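Accompanying notes for the structure given below.
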2 protein chains.
Amino acid sequence: MPTELTLYEALRNRLIGGEFEAGQRLKSETLRHDYDVSASTIRETLFRLSTVGLVDSLEQRGFRMPEQSTELRTDLTRTRIMLESEGACLSVRHGDVAWEARLTAAHHELKHIESRLRADDESQTLLKLWADAELKFHRTLIDECRSNLLKEFHLQVFYRFRQQFVTTDREFGFVPENVEQHQSILNAVLSRDEALIRARILEHLSRNLQEDQP
Amino acid sequence: MPTELTLYEALRNRLIGGEFEAGQRLKSETLRHDYDVSASTIRETLFRLSTVGLVDSLEQRGFRMPEQSTELRTDLTRTRIMLESEGACLSVRHGDVAWEARLTAAHHELKHIESRLRADDESQTLLKLWADAELKFHRTLIDECRSNLLKEFHLQVFYRFRQQFVTTDREFGFVPENVEQHQSILNAVLSRDEALIRARILEHLSRNLQEDQP
DNA sequence: TTTGATTAAAATTACGAAATTCTCTATATT
DNA sequence: AATATAGAGAATTTCGTAATTTTAATCAAA
């Protein structure tokens, strides 16, 4: 049981879990009591979270949950498409059969949770499991790209993506199309067709794009 | 007169300016005296710098200048190629004549400094000017890509790139080829040929790639 | 001479409190 | 009624200190 979360991880999970409203103030004076630490420690953690965009930091005005915006969601989606496509194609070039196996395993677990979710899409525990499994699948997808920077950026974008969409989209995550789309991505990877991989990732994420410009 | 630098910016400039050696300890107890602030304030700033990779943070062992490594330099170079190519191509699609003008202006200033540097490549003031001008040129190149995330990531990579290469490569920046290469990039942009732009950026940065794998 | 242990010094981390800044409400004015 | 002002209260930021941990330095033993 991983109860050994750092303060950073604990706060991050709450920030991307839809607990706070967009624009809501995050008072270190209040948050300190949830973890029984001093205000300085909370402040430090909030500062670190602000450098990866999960918290907005205003000079002399403390910290806030980031605002919602269509522009940001579009940017996050496009950037995720770029990083994930690039990472997946590089992984296909460098990855061996063991990587294919790991990706297949991650997909299998994800599929299992998604099918259970179709029966009961209210269960909070299932939703938690789904969130972890989906992250695992998408991270495994780019795992063999041989660029730590790309992986760090992807993770950063992934968290902010979650944060923006979880609170907006009530049906975030468990749309039935996802199940087929994840399967399509896996198939594309196993066929090692880079153009197809890019197309499938684009297809999977493009439903989050609501824009005027092409 | 920009003497109004924040502590963060001041420290960042020193970290990418080649003042510290790789792996060197950055003692908050020592640094606090340079700015006449408390150790906590320095600590906080070092923490923020560590989240963007400009400082290494070791649990209970303080902060250090990041180590040199060929792997990191390769990663930084490749990632910069990816972000800068993508950003430049997007800018070409979205940017108007005013952007072309700004890029041409930035290149003109850079060229001027580079030519002066050929006569006197020891001058520290010229080197400072060159560093600013080169950053300006490469940032303007991707300025109209319409993705704040891409621009943030690019800036982050650019700073770490500087940090890694400045301390290694004594001749960093003022190799004569740079002058022609910057010109080539500008020409490619003005011709609006995306494949050519990518090729020129790759050409410009690939001399920093020393690798076995293809 | 090298290795290992012990001790002293120095540094990092966490905390609590003072000082500055902002926020909110009540009151006065146009 | 709407706007502006003033003051009390709350929150943020900075600082100095105490406690824990690491680093180094000294000395003894192989």
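Keep in mind that this is a model prediction, so the values were computed, not measured. Letters A, B, ... are given to chains in the order of the sequence lines, protein chains preceding strands, and every chain is numbered from 1.
- Nucleic acid contact for A:S40: base, since at least one base atom lies under 4.0 Å from a heavy atom of the residue.
- Atom CD of A:Q24 sits in a crowded spot, with more than 12 heavy atoms from other residues, nucleotides or ligands closer than 6.0 Å.
- If you measure from atom CZ of B:F63 to atom P of D:dT22, you get 15 Å, rounded to the nearest angstrom.
- What separates OH of B:Y8 from C1' of D:dT14 is a distance of 20 Å, to the nearest Å.
- Side-chain N/O atoms of A:S38 and A:T41 include a donor and acceptor closer than 3.5 Å.
- Picking from D:dT13, C:dC15, D:dT21 the nucleotide with the shortest atom distance to the side chain of B:Q60 gives D:dT21.
- In this structure, B:E44 places its CD atom 8 Å from P of D:dT13, rounding to the nearest Å.
- For A:R25, the listed nucleotide lying nearest its side chain is D:dA11; candidates were D:dA11, C:dT21, C:dC15.
- With the nearest nucleotide of DNA chain C identified for both A:V37 and A:E59, A:V37 has the one nearer the 5' end.
- For B:L58 and C:dA11, the CG to C1' distance is 14 Å, given to the nearest whole Å.
- Of the side-chain N and O atoms in B:R61, none sit less than 4.0 angstrom from OP1 or OP2 of C:dA11.
- B:L31 places its CG atom 9 Å from the P atom of C:dT12, with the value rounded to the nearest Å.
- Note: NZ (B:K27) to P (D:dA24) measures 8 Å, nearest angstrom.
- Dashed line: the shortest gap from a side-chain N or O of B:R32 to OP1 or OP2 of D:dG16 is under 4.0 Å.
- Contact record, A:G87 with A:L150: CA-CD2, 4.0 Å, taken as the closest heavy-atom pair.
- Residue A:R43 has a polar side-chain atom (N or O) positioned under 4.0 Å from OP1 or OP2 of D:dT14.
- The NE2 atom of A:H33 sits 13 Å away from the P atom of D:dA10 (whole-angstrom rounding).
- Two residues are said to be in side-chain contact when any heavy atoms from C-beta on lie closer than 4.5 Å; B:S91 and B:L141 fail this criterion.
- In this entry the distance linking OH of B:Y35 with C1' of D:dT13 reads 20 Å, nearest Å.
- Between A:S28 and D:dT12 there is a side-chain N or O to OP1 or OP2 distance below 4.0 Å.
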*Between B:H138 and B:H182, is a ring pair (Phe, Tyr, Trp, His ring centres under 6.0 Å) present by the stated rule, with each step listed?*
CA-CA 9 Å; B:H138 285 282; B:H182 286 140; 5.3 Å; yes

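- Residue B:E29 places its side chain closer to C:dA11 than to any other of C:dA11, D:dT14, C:dT13.
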